[in-house]
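Here, residue 1 is the first one in the sequence, and each next residue gets the next number.
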Amino acid sequence: MMTLAKHYKIGEFARLVGLSTYTLRYYETEGLIVSQRDTNGVRYYTDQDVKWLGFLLHLKGTGMKITDLKTYVRLRAQGDSTIMERRQLLDRVKQESEAEIRERQNNLAVLSKKIDWYDGKLDRSIDSNESFEEYLKRFE
């Protein structure tokens, strides 16, 4: 017995993937996703679209820019002959994402020191005259 693939209208699909219908239409306009149309011209999506969009959202979550997403989609549509190019694109995005993570970790470290400095001021374990800059010199 053959089972029919589940079809999701745009509102149902939006809820399923956690995006607005506006965002889905934008992604369609940009060529990132492609909806199907039923006999009445109503757009619908399938479980394969759920998986594909999930992957795109992972890429986007790395900080991948829309232009890179579009490039990836275009290359993917060309088939296996573009695997090396796709791999290089993903590797570059990975390196950029890791650099952003390191920068954010450095910023969080300074933020933590500032919180510690405030705590020290409040509990008087840091002299009232010691500036934050002086406090930071303790850790160099």
Side-chain angles (χ1 to χ4, degrees):
M1 182 168 122
M2 191 167 121
T3 58
L4 293 175
K6 175 78 173 138
H7 291 181
Y8 305 99
K9 290 184 180 177
I10 193 166
E12 187 179 13
F13 186 62
R15 283 187 298 280
L16 194 61
V17 297
L19 297 174
S20 69
T21 57
Y22 173 83
T23 300
L24 291 175
R25 287 186 188 99
Y26 172 73
Y27 283 2
E28 264 191 62
T29 301
E30 294 299 315
L32 299 178
I33 58 174
V34 178
S35 66
Q36 311 281 332
R37 299 281 177 162
D38 66 16
T39 55
N40 296 321
V42 175
R43 68 169 45 95
Y44 70 88
Y45 303 87
T46 66
D47 288 325
Q48 283 302 108
D49 296 316
V50 172
K51 292 175 187 174
W52 171 242
L53 187 57
F55 180 67
L56 285 180
L57 292 175
H58 282 294
L59 293 178
K60 188 173 179 285
T62 67
M64 188 180 223
K65 295 169 185 63
I66 191 83
T67 53
D68 287 335
L69 284 168
K70 289 166 74 169
T71 299
Y72 184 86
V73 169
R74 181 181 48 78
L75 290 170
R76 179 180 176 261
Q78 294 173 21
D80 285 353
S81 65
T82 66
I83 286 176
M84 181 58 76
E85 290 172 90
R86 285 182 273 163
R87 192 211 175 281
Q88 290 169 343
L89 173 62
L90 293 180
D91 190 51
R92 180 178 53 78
V93 169
K94 179 180 181 238
Q95 289 176 26
E96 290 169 359
S97 184
E98 288 171 341
E100 288 174 19
I101 289 168
R102 284 189 300 276
E103 182 179 344
R104 185 158 294 186
Q105 287 172 330
N106 290 336
N107 291 333
L108 282 171
V110 172
L111 181 69
S112 292
K113 296 267 191 290
K114 187 72 166 189
I115 291 168
D116 293 344
W117 181 75
Y118 283 140
D119 288 344
K121 292 287 187 167
L122 290 171
D123 70 14
R124 301 190 194 315
S125 62
I126 293 177
D127 187 85
S128 62
N129 295 326
E130 184 176 15
S131 71
F132 182 60
E133 292 75 23
E134 292 168 332
Y135 176 74
L136 283 179
K137 287 180 183 177
R138 295 183 190 184
F139 302 96
E140 291 178 352

Assess the residue pair D80 and R86 against the criterion (side chain to side chain contact (heavy atoms under 4.5 Å, CB included)); give the C-alpha distance rounded to whole Å, side-chain angles, the decisive distance to 0.1 Å, and a yes or no.
CA-CA 10 Å; D80 285 353; R86 285 182 273 163; 4.2 Å; yes
Using side-chain heavy atoms (C-beta onward) and a distance below 4.5 Å, is R15 in contact with T21?
no
Taking the side chain as every heavy atom from C-beta outward, state whether L90 and K94 have any pair of such atoms under 4.5 Å apart.
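No - every pair of side-chain heavy atoms lies 4.5 Å or more apart.
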Contacts of type salt bridge (charged side-chain N to carboxylate O under 4.0 Å, His left out), residue [X], not counting sequence neighbours:
{"X": "K114", "answer": "none"}
{"X": "R138", "answer": "E130"}
{"X": "E28", "answer": "R43"}

Take T71 and E85, measure what side chain to side chain contact (heavy atoms under 4.5 Å, CB included) needs, and give me the verdict at the end.
CA-CA 10 Å; T71 299; E85 290 172 90; over 6 Å; no
D127 side chain to N129 backbone, donor-acceptor under 3.5 Å:
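Such a contact is found between D127 side chain and N129 backbone.
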Donor-acceptor contact present, side-chain S97 to main-chain T62, <3.5 Å
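Yes, S97 side chain to T62 backbone: donor-acceptor pair under 3.5 Å.
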Cluster check [X], [Y]: I/L/V/M/F/W/Y, side chain < 4.5 angstrom:
{"X": "V34", "Y": "L75", "answer": "no"}
{"X": "Y45", "Y": "V42", "answer": "no"}
{"X": "Y26", "Y": "Y44", "answer": "no"}
{"X": "V93", "Y": "L59", "answer": "yes"}

Rounded at 0.5 Å granularity, tell me how far [atom1] in [X] sits from [atom2] in [Y].
{"X": "L24", "Y": "T29", "atom1": "CG", "atom2": "OG1", "answer": "10.5 Å"}
{"X": "L136", "Y": "K113", "atom1": "CG", "atom2": "NZ", "answer": "7.5 Å"}
{"X": "D123", "Y": "Y118", "atom1": "CG", "atom2": "OH", "answer": "15.0 Å"}

All N/O donor-acceptor pairs, side-chain side in residues 49-56, below 3.5 Å, sequence neighbours left out:
residue	atom	partner	partner atom	Å
D49	OD2	T46	N	2.7
D49	OD2	T46	OG1	3.2
W52	NE1	L32	O	2.8

Results of side chain to side chain contact (heavy atoms under 4.5 Å, CB included) for S131 - residues two or more places apart only
E133, E134
Partner residues of V110 under the side chain to side chain contact (heavy atoms under 4.5 Å, CB included) criterion, sequence neighbours left out:
F132
Which heavy-atom pair separates A14 from S20 by the least distance, and what is that distance?
CB-C, 4.1 Å
Pairwise salt bridge (charged side-chain N to carboxylate O under 4.0 Å, His left out) hits with a residue in residues 64-78, at least two apart
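Every pair satisfying salt bridge (charged side-chain N to carboxylate O under 4.0 Å, His left out) with a residue in residues 64-78: E30-K70, D68-R92.
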Holding to ring-ring contact (aromatic ring centres under 6.0 Å, His included), I want the full list of residues that pass it with [X], two or more places apart in sequence or in another chain.
{"X": "F139", "value": "Y135"}
{"X": "Y8", "value": "none"}
{"X": "Y27", "value": "none"}

Heavy atoms of other groups near K60 NZ, more than 12 under 6.0 Å
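No - once you tally the heavy atoms of other residues, nucleotides and ligands closer than 6.0 Å, there are 12 at most.
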For atom CZ of R37, is the number of surrounding heavy atoms from other residues, nucleotides or ligands below 6.0 Å larger than 12?
yes
Give the table of side-chain donor-acceptor pairs shorter than 3.5 Å for residues 100-109, with sequence neighbours excluded, one pair per line with atom names and distance.
residue	atom	partner	partner atom	Å
N106	ND2	R102	O	3.4
N107	ND2	E103	O	3.3

Which residue pairs pass the ring pair (Phe, Tyr, Trp, His ring centres under 6.0 Å) test when at least one of the two sits in residues 79-108, sequence neighbours left out?
none
